[in-house]
Amino acid sequence: MENKDPMFELLSSLEQIVLAREVISVAPAPQAEPAVMPEPQRLREITGMQVDEFARVMGVSISSVKSWEAKRTRPSGTAQKLMKLLQSNPTLGRQLLD
């Protein structure tokens, strides 16, 4: 049986821990997939709303919705978040109208 120096074992273990941490900190963090913004017209159709109803749920004018659908303008960040919420729960739009 081989006798090992306890101090050498301890230093070797510490060195392995430090090296492992360096490797972990150098590795890039996994990136979340960017959420794709739903197309306003497609989302409106999925939720079964007319343009005026969709505008009311979104809290914008009818002309804003038409502009989004024609791709002349983009929804604001807040509107995009609400659209993602509607996409994940299409019946929510109808509930908000009632």
Side-chain angles (χ1 to χ4, degrees):
M1 186 170 178
E2 184 180 321
N3 285 336
K4 294 187 179 181
D5 180 16
M7 189 58 102
F8 175 79
E9 289 292 318
L10 178 61
L11 289 174
S12 178
S13 296
L14 288 173
E15 184 179 53
Q16 290 175 1
I17 291 169
V18 169
L19 288 174
R21 285 187 181 167
E22 287 176 1
V23 169
I24 290 170
S25 66
V26 171
Q31 298 294 319
E33 259 187 56
V36 177
M37 188 185 85
E39 291 292 325
Q41 184 172 357
R42 179 78 179 120
L43 179 60
R44 182 175 60 76
E45 291 168 353
I46 289 170
T47 58
M49 288 187 267
Q50 299 297 318
V51 174
D52 62 325
E53 294 171 322
F54 191 70
R56 195 164 14 133
V57 167
M58 295 300 296
V60 298
S61 66
I62 293 171
S63 62
S64 290
V65 173
K66 288 182 178 181
S67 182
W68 297 344
E69 291 183 359
K71 297 184 181 183
R72 287 189 300 269
T73 61
R74 289 180 49 99
S76 69
T78 303
Q80 290 180 27
K81 288 177 184 176
L82 182 53
M83 289 173 63
K84 288 175 187 173
L85 182 63
L86 285 172
Q87 183 179 30
S88 66
N89 187 357
T91 60
L92 182 61
R94 287 279 163 212
Q95 294 171 6
L96 293 172
L97 287 172
D98 294 336

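Computed from heavy atoms alone, side chains included, the values below leave out hydrogens, waters and symmetry copies. Residues take their numbers from the sequence shown, with the count starting at 1. All of these numbers come straight from a predicted model, not from anything done at the bench.
- One distance of note links CD of Glu39 with NZ of Lys71; it measures 4.0 Å at 0.5 Å rounding.
- For the side chain to side chain contact (heavy atoms under 4.5 Å, CB included) test, residues two or more places apart in sequence or in another chain that qualify with Leu96 are Val57, Leu92.
- When only modelled atom types and interatomic distance are considered, Ser76 and Thr78 share no side-chain donor-acceptor pair under 3.5 Å.
- Nearest heavy-atom pair, Ala79 versus Trp68, reported as atom, atom and distance to 0.1 Å: CB-CH2, 3.9 Å.
- Under the side chain to side chain contact (heavy atoms under 4.5 Å, CB included) criterion, Lys81 pairs with no residue at all, not counting sequence neighbours.
- Ser88 meets the side chain to side chain contact (heavy atoms under 4.5 Å, CB included) test with Leu85; sequence neighbours excluded.
- Listed by chain and number, the residues in a side chain to side chain donor-acceptor pair (under 3.5 Å) with Glu45 are Gln41 (sequence neighbours excluded).
- Pairs of residues two or more places apart, or lying in two chains, that qualify as side-chain hydrogen bond (donor to acceptor under 3.5 Å, both in side chains) and include a residue from residues 49-59 are Glu53-Arg94.
- Applying the side chain to side chain contact (heavy atoms under 4.5 Å, CB included) criterion to Ser67, with sequence neighbours excluded, gives Arg72, Thr73.
- Contact check for Met83 versus Met58: side-chain heavy atoms found under the 4.5 Å cut-off.
- The one candidate from Leu97, Val60, Ile62, Leu43 that meets the side chain to side chain contact (heavy atoms under 4.5 Å, CB included) condition with Phe54 is Leu43.
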